[in-house]
There are 2 protein chains.
Amino acid sequence: MELDVEPVARESTAGIIARQLRAAITTGSLAPGAQLGEAELANQFQVSRGPLREAMQRLVQEGLLRSEPHRGLFVVDLEPEDVYDLYAARTAIESAAAIRVIRADPRPVGELWTAHERMTSAADREDPAAVSDADLEFHERLVALSGSKRLARMMRTLMVETRMCLTALQRTYADVRERVSEHGAIIEAIAEGDERLATALLERHMEDAVRRLAPGTSLFTSRSEG
Amino acid sequence: MELDVEPVARESTAGIIARQLRAAITTGSLAPGAQLGEAELANQFQVSRGPLREAMQRLVQEGLLRSEPHRGLFVVDLEPEDVYDLYAARTAIESAAAIRVIRADPRPVGELWTAHERMTSAADREDPAAVSDADLEFHERLVALSGSKRLARMMRTLMVETRMCLTALQRTYADVRERVSEHGAIIEAIAEGDERLATALLERHMEDAVRRLAPGTSLFTSRSEG
DNA sequence: GATCGTATGATTGTCAACAATCCGCGGGTT
DNA sequence: AACCCGCGGATTGTTGACAATCATACGATC
């Protein structure tokens, strides 16, 4: 009697609320710098302040919320400095993921191409929002395919912050065609097992993104300049 | 009137408790798989269950605790699979950190040599515990020097897990001299600005660590074998 | 008029009691 | 003997109330 079922009731209330808070931050309905009033939010979620506070502590740990004791919890606002820190962190995670994908046997590049096609078709439809979604979906998929729990967990937080950047700066960044082709090149490098090329392309891809978001600042600027 | 002071009372109760819990897990006084009884712990910390639960949620988010709703919170137990996932994640973070250190101007390698000397002297004294401490201290310092908030936050969690591995497997791993020289080579590569070499050495260093901890398993094994 | 002090309202932090769920044990049945 | 059922204790989840702290507005003083 070997049922392949997954445990029921596997998520705590704090986990559910945390997920929704994360979503609210992603969409921008909780804007950067905004304070999270406990009473109000508790009412919206229809729970008391206890579970809500537990959920918020999770986001504090993630770095999505900033705690000012006896004052309140606030959505972090991303300084220019954070933008490239964020993309540097993504470079670290995604490069490592790419390497793991390359070294897997067989290489699961199929799903990458699938995500890529979604992005291409969104670009053809000239649907900027869908392009951005497919874009991020691709990067998330890459990390998921690495099979690493830890990389995946870190990536989830970084994705929220990335979306924060995009909505905060009101840019579903431009140059659609360029980004599509960059993704394609990355997948090809992965498919061919060229670790050096894949990581180099990823790094360039990130630098381009930073340039598009915050002109002038670059990834890997020395701290003495920044 | 420009005082360079830091805000007072900057840490919440949940943060303090979380830090102590992390320490307890690090030292092994909270062993892998152990359940965290809320009543008992609350008594030890002399707080009520509320703040304690908030602190525990932080560790859940970190992946240091596993939540089974209505049953309790448990310290994660690291499966063999987790050991190399952990070291793969560390490779990702530390390689990225090394690159950032290399690209900084000036390259802050002094602190790395300092940490390295501490490890050397501990090795000369033949003090295994001190060697392990200095070892991890070196890796933590490397990431700190990268100047990346996000890499640093991720690293903190990974360090706790690393110590869990060491104490769980009762190994302050052997081959002291080899590890010391590996660190030295890494610092030299960083000092000379050789990114390829530095990351390659770091990766080999991690693979050696995994081999020492869990013989047979290797970093970057394909999922079809594992 | 500016600054300091104070009162007041609102919000966060903490707690202890209540509700819900789980675990273990004993009794009963087949 | 094996299994099911249900009860009691223990633990977790949730709640509302209370204490402490913070922000704001108002008035007093120099």
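All values derive from a computational prediction rather than experimental measurement. Proteins get letters first, then strands, A, B, ... in listed order; numbering begins at 1 in each.
Within the 4.5 Å cutoff, no side-chain heavy atoms of B:E54 are placed close to those of B:I17. Side-chain contact between B:T157 and B:R22 is absent, with no heavy atoms from C-beta onward closer than 4.5 Å.
If you check every strand for non-hydrogen atoms under 4.0 Å, B:L52 touches nothing. Residue contacts shown for A:G50 include a base, since a base heavy atom lies under 4.0 Å away.
Below the 3.5 angstrom threshold, one finds a donor paired with an acceptor across the side chain of A:R49 and the base of C:dG13.
Candidate nucleotides C:dG13, D:dT11, C:dC23 were compared by shortest atom distance to the side chain of B:Q35, and D:dT11 ranks first. The side chain of B:T13 has C:dT14 as its nearest neighbour among C:dT14, D:dG13, D:dT21. Comparing D:dC22, C:dT12, D:dG13 by their closest approach to the side chain of A:E38 singles out C:dT12. Taking every side-chain heavy atom of B:P51 into account, C:dC15 is the closest of C:dT12, D:dG13, C:dC15. Side-chain proximity of A:S48 to the nucleotides D:dT21, C:dT21, D:dG16 is greatest for D:dG16. The side chain of A:V47 lies closest to D:dT15, out of D:dT15, D:dC22, C:dC22.
Side-chain atoms of A:S121 come within 3.5 Å of backbone atoms of A:R118 as a donor-acceptor pair (strictly under, hydrogens ignored).
By the 30° and 60° cut-offs, the orientation of the rings of A:H116 relative to A:H183 is tilted.
Contact check, A:R53 against C:dG13: a side-chain N or O comes under 4.0 Å of OP1 or OP2.
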